[in-house]
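Let me begin by presenting the structure, written as structure tokens, before commenting on it.
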Protein chains: 4
Amino acid sequence: MLNRVVLVGRLTRDPELRYTPNGVAVANFTLAVNRPFTNQQGDREADFINIVVWRRQAENAANFLKKGSLAGVDGRVQTRSYENNQGQKVFVTEVMAESVQFLEPKNGGQGGGNFGGPSRDNNDYQGQNQNRNQNQGRKSDFSNFDDDPFASDGKPIDISDDDLPF
Amino acid sequence: MLNRVVLVGRLTRDPELRYTPNGVAVANFTLAVNRPFTNQQGDREADFINIVVWRRQAENAANFLKKGSLAGVDGRVQTRSYENNQGQKVFVTEVMAESVQFLEPKNGGQGGGNFGGPSRDNNDYQGQNQNRNQNQGRKSDFSNFDDDPFASDGKPIDISDDDLPF
Amino acid sequence: MLNRVVLVGRLTRDPELRYTPNGVAVANFTLAVNRPFTNQQGDREADFINIVVWRRQAENAANFLKKGSLAGVDGRVQTRSYENNQGQKVFVTEVMAESVQFLEPKNGGQGGGNFGGPSRDNNDYQGQNQNRNQNQGRKSDFSNFDDDPFASDGKPIDISDDDLPF
Amino acid sequence: MLNRVVLVGRLTRDPELRYTPNGVAVANFTLAVNRPFTNQQGDREADFINIVVWRRQAENAANFLKKGSLAGVDGRVQTRSYENNQGQKVFVTEVMAESVQFLEPKNGGQGGGNFGGPSRDNNDYQGQNQNRNQNQGRKSDFSNFDDDPFASDGKPIDISDDDLPF
DNA sequence: TTTT
DNA sequence: TTTT
């Protein structure tokens, strides 16, 4: 069933990176998303939405995002519950990010790096594209960067899993 | 900042309709949205997402949706907090629905009624469309229904606020 | 960069299924999505949005959807261009569906079957879920169907790739 | 019926601002949205998506966005057709933006201004919020940056129609 | 506290 | 006809 969320906001704190017993990376952070309207007192409020990311993207988030970073998230709303130390059931609603976009420019550059997206799917998608885009020939040229995924000239960079040194 | 959620799922209970002291209608319900994947035990889980709707749409939801109804929601993620009777701060994340779509067929019909969308905006949008669509002339012909908003021939129907008898 | 579309509408024609030279399935169909407002003449118009689906989901679409079916789509907006027989460049905008949801009830049932979602990812997601949901234990039970993926009792069914007999 | 698009990308040219005979502002621009995957040649392609905005937001777009600007769009997919000078029917698919977010930082600032959202609705929403958020009182505190589009007291700023000097 |  |  359809379940889709897209958010753009700022991290309220540095991402927390952890590993499951099986060694899978998970990162948590909170996105403050300003509301497009003001409340009765004329103040602009924000929603504070908890984000969870897994695997490579969790590590990317931990490496590239920090408190205050502007980020975009594309994912799903998920709910779970647990019992707290008082034995009460606590219900949690959070966003499971399938892709995280880094929107903060670096070094006065024009910003807009992006990481995330399915890693294994990559090949599937390429296969698809190979067929659909044969008449297209339009490409963007994010060329010539090596180890440092953020070029010093401030150009926007899309960081796919394959480009990253981890 | 961008904050958009789209869900399709089933109501876990009848909507609860209330009125604020100022007489504004608010409805609450929970949408069970089945996950597209199964867990390690091979079970398909669901997310249980709390929805809030306001005003006319709240009343429409109360009138047209019930436990088990298939519904679509387009809205925003919102968070708030309150203090419970033990003096603990409880954080709540819910979806403020801007439009609710009724996806349950009625009377063996082919379903797909839709209500919601901005009521006041309607005129604005019409003004826009009047200009943009002058070359279009394509319309959908879900015609000829009168009082019963769900035509007996099972044709899909969009129920705008203006069509509804309240 | 973020690119997300979610649609619910009805097929204007049966899906067209084709195969690329490499044997990859592609299906095309058009979704008529009624606008939530009426035009100046009081008519409700619709948008006719071209959808492309790949691989297993293309075959599912061809098998389970037909003209008039109510369907949901979660995907991306894509553009491409080609040269027509008059040598003119034609620009095309369509939606590449990543998941397609079947919203048409069968046999007077309460509808809401869903197919699609990443096939290979399935395992990744399960791995994730195995960790996140250990306190959850909530499951939905789509049990006991065999060859015909649509149970005769009209229960809603999520058709994952693995469940399908192809 | 559900129809929702969210995009983040860069303008390929300055927005074109026009006025209808009735004096309603309309702006058009194209958003280049880089794909999250590379094609078979290893090139990263982009989708070039045409955006239409109306009224105040059209004027805001014309004033605040230019070729190369990073922008977010929340809107609907719309289709229309017209007859070209050769008498051929041309089909057009574009995104009608309901809100446009300015994501380009100004003068090395921390970026993320946002304009758009319904103007008339503002009051409606406030009325709603007045009731829902009485327990909230949380505001976001992105403090200590000055340069301009961000107020000196560090308050987060969404540029709503009312705040703008036109 | 969960739907089909 | 495309952005960074």
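Chain naming here is simple, since letters A, B, ... match the order of the sequence lines and numbering starts at 1 in each.
- When rounded to the nearest whole Å, the span between CZ of B/F29 and P of E/dT2 equals 18 Å.
- A/E83 has its CD atom 9 Å from the P atom of E/dT1, to the nearest Å.
- Set against F/dT3, F/dT2, E/dT1, the side chain of D/N34 has F/dT3 as its closest nucleotide.
- Classification of D/E104 and D/R10 as a salt-bridged pair holds, one side-chain N sitting under 4.0 Å from a carboxylate O.
- With sequence neighbours excluded, the residues that form a side-chain contact (heavy atoms from CB on, under 4.5 Å) with B/N84 are B/Y82, B/Q86, B/Q88, B/V90.
- In this structure, the side-chain hydrogen bond (donor to acceptor under 3.5 Å, both in side chains) partners of B/R13, at least two apart in sequence or on a different chain, are B/E16, B/T30.
- One atom, CZ of B/R44, and another, P of E/dT3, lie 17 Å apart when rounded to the nearest Å.
- At whole-Å resolution of the value, NZ in A/K89 and C1' in E/dT1 are 8 Å apart.
- With E/dT3, F/dT2, F/dT3 as the choices, the nucleotide that has an atom nearest any side-chain atom of D/R10 turns out to be F/dT3.
- Regarding D/I51, its CD1 atom lies at a distance of 13 Å from the C1' atom of F/dT2, rounded to whole Å.
- The distance between atom CG of D/L103 and atom C1' of F/dT3, rounded to the nearest whole Å, is 14 Å.
- Atom C1' of nucleotide F/dT4 and atom CZ of D/F48 are separated by 11 Å, given to the nearest angstrom.
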Walk me through it: do C/R80 and D/D47 pass the test salt bridge (charged side-chain N to carboxylate O under 4.0 Å, His left out)? CA-CA 8 Å; C/R80 60 188 170 88; D/D47 295 293; over 6 Å; no
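- Applying the 4.0 Å criterion to OP1 and OP2 of F/dT2, one finds that D/K67 has every side-chain N and O outside that range.
- D/R13 places its CZ atom 9 Å from the C1' atom of F/dT2, with the value rounded to the nearest Å.
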